[in-house]
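Letters A, B, ... mirror the listed sequences (proteins, then strands); counts begin at 1. The model shown is predicted, which means the values in this text are computed figures rather than measured ones.
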Amino acid sequence: MAFGKGHHLHLIDGSAYIFRAYHALPPLTRKSDGLPVGAVAGFCNMIARYVEGNGTSSDAPTHVAVVFDFSSKTFRDDIYPLYKANRPPPPEDLRPQFALTREATRAFNLACLETEGLEADDIIATLARQGREAGGRVTIISSDKDLMQLVGGGVEMLDPMKNLRITRDEVFAKFGVGPERVIDVQSLAGDSVDNVPGAPGIGLKTAAMLIQEYGDLDTLLARAGEIKQPKRRQTLIENADQIRLSRDLVTLKDDADLDVSLDALEQRDAEPEVLVEFLNRMEFRTLTKRIADKFKVEAPAAAPPPASGAAPMAAPKADVPFDATTYTAIRDAKTLSTWIAGAREQGYVAVDTETTALDEMVADLVGVSLALAPGKAAYIPLNHISGENDLFGGTARAEGQMDMGEALALLKPLLADPSVSKIFQNAKYDVKIFARLGLSVTAIEDTMLMSSALYAGLHSHGMDVLSEQHLGHRPIPIKSLLGSGKSQITFDRVPVDEAVKYAAEDADVTLRLWQKFRPELHVKRVTTVYETLERPLVQVLADMERAGVLVERDVLSRMSNAFAQKMAGLEAEIHQLAGRSFNVGSPKQLGEVLFDEMSLPGGQKGKTGAYATGAEVLEDLAAEGHDLPARVLDWRQLSKLKSTYTDALQDHINRETGRVHTSYSLVGAVTGRLSSTDPNLQNIPVRSEEGRRIRAAFVAPEGKSLISLDYSQIELRILAHMADIPALKQAFRDGHDIHAMTASEMFGVPIEGMDPMIRRQAKAINFGVIYGISGFGLARNLRIPRAEAQGFIDRYFERFPGIRTYMDRTIAEAKEQGYVETLFGRKINTPEINAKGPGAGFAKRAAINAPIQGSAADIIRRAMIRMPEAIKDLPAKMLLQVHDELLFEVEKGAEEAVIKVVKAVMEGAAAPAVHLDVPLIVDAGIGQNWSEAH
DNA sequence: CCCGTCACG
DNA sequence: GACGTACGTGACGGGA
């Protein structure tokens, strides 16, 4: 049947897929011979997901083609030899993968198109036109803006990453003109990535404006003499030829001679044997298995592993499929003893607990699962409730469960046995649950932390993500058992049979992840990071969280009331000033009041079409003497303090302990910093007077004090060390005021009697450097003209040339290796570093900042890990960490002794792994509450 | 569920 | 040369 009405053609931009896959994945090689196959693996995964998506879609294509660039040389190079001249050649390890992706495409039984002298975009343009003219629908699967000129008349685009349809509206949003004028705008604006010259000095915005005004490019060029701005007029007249050349470059060729007809692109299902053979030859074990399972064909035996150094573990087995029917329910002591004996024999076991809540401080244990080998997992139901209510409307214990005391008595020696590794996903959770039941766990392994050491910056580290990414298996979602929202039930109400499948699978997944990650830690050289910076913190943090911190409810409650009163007063004033009542807490409504109704200046609409009403905007308005924004700022401060702190903190006071127990995440921040949730105790107010009163509600109990110790300028010290800046290092060694010193060096003023304003500016620059400074950012921070800020930066780099070298070196390292490193070997992946466009700036600054922030994080981690041993004979407890600060609760009278020890541990935390060229200095404070101690 | 806003280092 | 920009987090309320 000829392609036509009712048919739907998908055109996939295959080359874009390859690059996306290459940059998104760590370098992966084929085990047997080291052939780089990471991009092929990513490509196959993307295609597999695409095909699966079609299978379940009501909008599936009838015809499909995957289109590739033939080579870098095209007809455009003949028109303009500099076309794409500044594009670097593809990386060495990507080149051999190009041919393999063609092979992969054919293995999926998809039409694979490429033509000499043409870019993929030209083939897509030609087929799109043919499809449109035949009366069918066409969807281009790509996010390449160069293809947007093809949209319209039955042709659409689909951004596969964002799963976003691109129609006229999106094109308009991107280019400011409809698809038919995209070429005109691109011809004017040019393209730095492809080296299309365009008109100098004219960007996307200006180009769109000009085309909107004159209708199209030819008219614009013909009437260029009428343009009012002299510079722009001259540019257009002088560069008319270059603009026309640019048009030839950006116009896609939609009448190319292709040796394929639309009809030949009819969608075909893959031949299972062919596809599985290819995937297996690539040694993509999980994908092979997934596809083989889907087609219900047998997966061939995996290729033999390389005969390198013998693994300490049993030889890796061929993949065992996930199969819930192989999971066991352990309902008696004898069976449990057998499993425990198995664990002892092999020296490791994956363990997972099921409980009634996410908060470990209140959750009750429902059951425990164990896994000994892939597919060999069991669940011990302990506290499930039966579905039927008993006579009194209460709940009855479900049948067939072991007595919890009996089960825990059997598990206790296993968990405590240092010769048996207990493997968890997020060990801290389970360790806390066990601790509350009087069981301690030694020899802890944690797949979440392994993932963090291996893949920080590439993906998150929850079980579902890890299982999908690394095992190609999507575990049973907890929601399918518990439901969600109001009708959500707790795990003890899940029928035991269901619970077995879910819980045992989690342990199974955890075990498989551990087996996969263990060798990877060595290959990627992050074993030390995992073993010295991640794993030992599990117990330390568990103890801190369980200790909690005392917070005075009455103080918070009184503040809440006071805030509410003040807010009501402010609200009335605000409404009066506005002339009507509205929700002060709604930025949307506030924006309308300020800029539409009161017509105040400076109304700027953001992406979502709402006015920006951030503190900076309101401060500017208030400074001009407007009262309403000033009142709103006051109201906002109170509202924030009340809702986030004085109200919410009260809800976090634990009923049993009367204290607040935060939860730290070891993997929340890519740099290695901890993060704190439920509640976040790392952002308790300190900068405002009102805020400090909240901090004062954190107290020491009767007979004790709080002591707070924090690193002074740790990030700047690390910068001085890493960038090797003699002047900065010397200033730190001499104990000088670093910001004053910077100011003195930069502006040539003496340190004695320095204008505080000058010092403030130097301080802002010092901070800016850590963040990957930009003139714009510094200007905004200091509220000075951008040129002036740039002047400061130039002078800074001139005075401290090592800083620039350090920044350049860090970015080069990120580009070369795909990651940056802290002083202690923690790797932070930078997948976006080679991105083009506005994202590039973000990625560069993040890459500059990560080693500095991350090294500081590593140092305080090292201090925390050594702390329990250092203070074990002192009456002190470590309670909180706030990035560069540690808070302790200490018996009265012992404060100075504790400070002496803690300070020594903190100041010496980099050694012996790293010898810093600068001293680390820790300041200490003592108080009855946190505000006094800080 | 996303966005704007704002608390911290 | 234009573009959009300081780094890293988490919690809250509004609004679709």
Side-chain angles (χ1 to χ4, degrees), chain A residues 188-192 197-207 235 582-591 606-618 632-633 636-637 639-645 647-649 652 662-665 668-688 690-691 694-695 710-711 713-715 719 764-765 767-782 786 789 793 828 836-854 856-857 860 881-885 934:
Chain A
L188 284 170
D191 185 337
S192 61
I202 297 203
L204 216 52
K205 287 276 157 66
T206 314
T235 305
F582 68 100
N583 187 342
V584 182
S586 161
K588 183 167 176 274
Q589 293 180 32
L590 176 65
K607 288 170 223 151
T608 56
Y611 287 111
T613 67
E616 262 179 65
V617 176
L618 298 188
V632 172
L633 282 168
R636 282 228 183 118
Q637 196 201 3
S639 163
K640 176 83 178 182
L641 295 179
K642 182 171 187 292
S643 67
T644 310
Y645 302 105
D647 286 353
L649 268 176
H652 281 288
T662 184
S663 179
Y664 288 104
S665 170
V670 286
T671 53
R673 272 193 178 183
L674 305 185
S675 72
S676 159
T677 60
D678 306 303
N680 181 354
L681 294 186
Q682 291 181 321
N683 70 348
I684 299 303
V686 70
R687 292 174 189 169
S688 76
E690 299 270 342
I694 293 171
R695 192 165 276 235
D710 69 290
Y711 284 107
Q713 313 281 12
I714 186 166
E715 293 189 351
L719 174 71
I765 296 170
F767 271 103
V769 169
I770 293 170
Y771 296 152
I773 199 157
S774 75
F776 182 91
L778 183 65
R780 205 172 65 170
N781 189 290
L782 286 175
R786 191 171 160 175
I793 295 171
I828 297 131
K836 299 289 194 250
F842 281 112
K844 280 185 188 161
R845 291 191 297 268
I848 290 167
N849 175 258
I852 304 170
Q853 190 183 109
I860 197 165
Q881 188 248 43
V882 192
H883 309 309
D884 64 359
E885 172 190 6
H934 186 71

Point to revise | Under-3.5 Å donor-acceptor pair between A:Ser675 side chain and C:dT9 base | key: no
Practice item. Would you tell me if any nitrogen or oxygen in the side chain of A:Arg845 comes within less than 4.0 Å of OP1 or OP2 on C:dC7? Key: yes
**Study point:** Between B:dC6 and C:dA6 - P atom distance, rounded Å
**Key:** 15 Å
Distance-only donor-acceptor pairs under 3.5 Å for side chains of residues 770-781 of chain A, two or more places apart:
unit_1	atom_1	unit_2	atom_2	d
A:Ser774	OG	A:Gly777	N	3.0

**Study point:** Among C:dA6, C:dG4, C:dC12, the one nearest A:Ala764 by side-chain distance
**Key:** C:dA6
Review point. So where does chain A start and stop touching DNA chain B, 5' to 3', when the test is distance under 4.0 Å to a non-hydrogen atom?
Key: B:dC3 to B:dG9
Study note, to complete from the structure: Side-chain atoms of A:Ser643 come closest, of C:dC12, C:dG10, C:dC7, to C:dC12
Practice item. Could you give the distance separating C:dT5 and B:dC3 at their P atoms, to the nearest angstrom? Key: 15 Å
Point to revise | A:Asn849 side chain, from C-beta outward: closest of C:dC7, C:dG4, C:dA11 | key: C:dC7
**Study point:** A:Lys205 side-chain N/O to C:dG4 phosphate OP1/OP2 under 4.0 Å
**Key:** yes
Point to revise | Atom-to-atom span, NE2 of A:His652 to P of C:dG10 - whole angstrom | key: 14 Å
Revision key, fill the gap. Against the side chain of A:Asn680, the closest entry in C:dG10, C:dG15, C:dC7 is C:dG10
**Study point:** Residue-phosphate contact under 4.0 Å: A:Asn583 side-chain N/O, C:dG14 OP1/OP2
**Key:** yes
Exercise for review: With A:Gln682 as reference, evaluate A:Gln881, A:Glu885, A:Arg673 under the side-chain hydrogen bond (donor to acceptor under 3.5 Å, both in side chains) test and give the passing residue.
Suggested key: A:Gln881
Point to revise | Side-chain N,O (A:Lys588) to OP1/OP2 (C:dA16) below 4.0 Å | key: yes
Check your understanding: Is any side-chain nitrogen or oxygen of A:Ser586 closer than 4.0 Å to OP1 or OP2 of C:dG15?
Key -> yes
